[in-house]
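One structure below.
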Number of protein chains: 2
Amino acid sequence: MQLKNDLLLRAARGEKVERTPVWLMRQAGRILPEYREVRASVSGFIELAKTPALAAEVTLQPVDILGVDAAIIFSDILVIPEAMGLPYEMVEKRGPYFPKTIASIEEVKKLRIASPEEDLNYVLEAIKITKKELDGRVPLIGFAGCPWTIFCYMIEGSGSKTFSKARKMLYREPEMARVLLDKITQSTIDYLKAQIAAGADIVQIFDSWAGILPPEQYNTFSLSYIQQICDAIDEVPVTVFAKGAFFARSEMAKLNCETIGLDWNMKIGESRQMIGEDKTLQGNLDPCALYGSSKEVASATRNMLDQFGNSRHIANLGHGVYPDIDPKMVKVFVETVKDYSTKLRA
Amino acid sequence: MQLKNDLLLRAARGEKVERTPVWLMRQAGRILPEYREVRASVSGFIELAKTPALAAEVTLQPVDILGVDAAIIFSDILVIPEAMGLPYEMVEKRGPYFPKTIASIEEVKKLRIASPEEDLNYVLEAIKITKKELDGRVPLIGFAGCPWTIFCYMIEGSGSKTFSKARKMLYREPEMARVLLDKITQSTIDYLKAQIAAGADIVQIFDSWAGILPPEQYNTFSLSYIQQICDAIDEVPVTVFAKGAFFARSEMAKLNCETIGLDWNMKIGESRQMIGEDKTLQGNLDPCALYGSSKEVASATRNMLDQFGNSRHIANLGHGVYPDIDPKMVKVFVETVKDYSTKLRA
């Protein structure tokens with residue numbers, strides 16, 4: 001089906017756009033009262049993500065309510081470890097928790113390569129329903145976690161300040177780490193390809209814990225696997241968002257992907273210089289800037305757009321939108337991008 | 001008293017050294033069984049920090065056991081909010097917790113400027129005992145938190161993944177934030193000067209949460225206060241360690257301090273280039289590298305030393321040593337620095 005608004009895809013590919021496309025990480029979620037209503041009708045986050053009709057419903061909400069230029073399928077990066085044989089729970093106010101974690105090569109060998117059709121069909125179904133309901137209004141973004149980030153959760157079993165258990169394995173059992181990372185990578189490639197077959201128009205991979213590795217280890221244990229994924233996906237544009245990987249920006253420029261996400265710590269001009277003109281950059285307003293007044297949000301947004309100038313850009317925050325942000329301020333952000341970037345690109 | 005080993009001070013001042021001095025952040029702490037024994041004799045961390053004889057005892061342990069070139073007074077950055085009127089608890093496995101936090105300008109106004117002699121005499125006593133017991137063997141490092149990091153705890157009441165409450169205040173109540181930061185800064189200057197008067201030979205300020213601010217806000221709400229502290233201390237060398245502030249390295253070069261700490265994410269050559277030759281750099285081995293074998297620890301340490309070369313350098317990890325690291329590996333780190341840097345600087 002022909003998309004009515006394909007700004008995001010054109011911006012990703014570096015084609016001419018009449019204005020800068022805009023969406024927000026975590027736009028489908030707790031900021032919207034409409035989301036909280038759907039969420040209250042089920043037992044928890046995981047049930048919501050596993051019920052395709054409801055996952056599709058909350059995926060569509062920000063398109064209708066906030067006017068963003070893309071939908072992103074409502075799901076979680078941790079569906080991959082679950083599909084490989086490590087189920088998880090979502091503990092209220094604490095985050096994800098894996099009752100079983102990986103500590104030996106035997107446990108790594110027992111893990112299966114995730115089969116998207118068997119293990120993750122609920123995501124594919126949600127994508128199909130969403131695509132139908134979207135009716136071509138905006139593109140749909142599919143996503144997955146980066147192997148390194150997924151690895152962290154599989155070893156630690158939950159979030160961590162230092163991820164020192166996962167990092168210990170890189171020093172003590174590098175071969176075992178590689179076997180596990182390979183399995184996650186293969187699962188992720190198959191999963192992203194299945195999302196694309198189901199209808200995803202673009203995919204993003206999230207390296208949430210990129211920032212805890214020293215630069216050399218990041219190249220070895222994260223970037224090389226991201227590269228395998230980028231090389232395997234040629235059906236749609238790929239976005240890589242590695243939070244905190246400021247030290248890897250020059251290396252990321254060489255990835256076979258269209259777009260690189262910037263977090264709010266990364267200076268825009270410096271990042272453009274390190275990454276070059278051949279990638280689209282996505283981001284990177286401080287998520288906390290949306291705590292300001294309408295006037296301040298609009299001004300901070302214009303300031304960000306000025307810094308990206310007329311270059312390849314997809315507007316977003318530098319991180320997921322925080323749950324207590326007023327949706328009105330998200331609208332100010334979205335509207336400011338639309339209006340101001342139209343002038344900027346005229 | 002004349003120091004028998006003043007390598008750290010000479011390295012900080014950029015004077016000639018026959019080898020690179022070495023110490024570790026959190027060297028006085030849970031890694032040592034001798035520390036855990038003392039710790040078990042009291043009710044908790046805070047009681048230990050507030051008992052000068054015991055604080056001095058654990059401060060001295062790593063000098064004797066690990067052979068480091070400096071002692072750092074056993075204390076906590078959160079004694080400052082407590083001395084200003086906000087007491088805290090240390091919750092086992094969760095970290096610090098403030099029952100009362102700051103949410104209004106009235107609460108800010110009620111806070112007092114900490115009086116080191118009245119409110120923090122236990123730290124000054126611990127410093128005096130330590131200096132006596134050290135008998136000039138190595139220098140003693142005093143320390144404090146950076147105003148921005150202390151501010152975060154005073155607003156949030158505990159650690160946080162996003163510190164979005166503290167950051168919200170910068171957008172919503174910037175004037176109130178400035179009043180609070182001024183009060184913390186004044187308290188910190190007085191406190192560091194009292195530590196120096198009590199015997200500290202060098203002081204370090206820790207900006208643990210530097211990495212969560214966008215670059216411009218970091219300059220406004222953190223670096224400008226660090227600068228006030230650096231400008232106020234001229235009695236001894238000053239070290240600034242701003243974890244995650246990769247984006248501020250060029251700006252930090254202009255601080256009126258002798259040494260800048262690097263975390264393990266920061267590339268050494270790049271940092272030297274950004275900061276220039278006029279500062280000593282401190283750091284920055286990945287704390288997880290000490291999980292490796294003796295051979296691997298020695299090799300990683302030599303590799304780090306090679307990268308710093310013959311420039312102004314104080315060897316350390318890029319973060320505090322993790323509590324489950326084998327003290328034997330810390331010794332390998334320390335010994336390797338001593339041996340290898342002697343050759344490197346010959």
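By convention in this document, chain letters (A, B, ...) are assigned in the order of the sequence lines, proteins followed by strands, and residues within each chain are numbered from 1. These numbers were taken from a predicted model, which means no experiment stands behind them.
Scanning all heavy atoms of the two residues, the minimum distance from Gly211(B) to Asn265(A) falls at O-OD1, 2.7 Å.
With rounding to the nearest 0.5 angstrom, the OH atom of Tyr291(A) is 10.5 Å from the NZ atom of Lys165(B). In this structure, CE on Met266(B) lies 5.5 Å from CZ on Phe246(A), to the nearest 0.5 angstrom. Rounded to the nearest 0.5 angstrom, Cys288(B) SG and Ile212(A) CD1 are separated by 8.0 Å. Taken to the nearest 0.5 Å, the CD atom of Gln217(A) stands 11.0 Å off from the CH2 atom of Trp264(B). The distance from the OG atom of Ser164(A) to the NE2 atom of His319(B) is 11.0 Å, given to the nearest 0.5 Å.
When heavy atoms are compared at a cutoff of 4.5 Å, Tyr322(B) approaches chain A solely by way of its side chain, counted from C-beta outward. Proximity to chain B is limited to the side chain of Asp324(A), based on heavy atoms less than 4.5 angstrom apart. Proximity to chain A is limited to the backbone of Leu213(B), based on heavy atoms less than 4.5 angstrom apart. Proximity to chain B (any heavy atom under 4.5 Å) is shown, for Ala289(A), by both the backbone and the side chain.
Applying the 6.0 Å contact sphere to CZ of Arg26(A) captures no more than 12 heavy atoms from other residues, nucleotides or ligands. Counting heavy-atom neighbours within 6.0 Å of Arg30(A) CZ, excluding the residue itself, gives a total of 12 or less. By the 6.0 Å contact criterion, NZ on Lys267(A) is enclosed, its count of non-hydrogen atoms from other residues, nucleotides or ligands being greater than 12.
Annotation: maximal heavy-atom pairing with chain A below 4.5 Å, among Lys168(B), Glu216(B), Glu296(B), occurs at Lys168(B). Counting heavy-atom pairs closer than 4.5 Å to chain A, the top-ranked of the candidates Pro287(B), Ala245(B), Pro214(B), Gly292(B) is Pro214(B).
Electrostatic pairing of Glu270(A) and Arg249(B) does not count as a salt bridge here, judged by no charged N lying under 4.0 Å from a carboxylate O.
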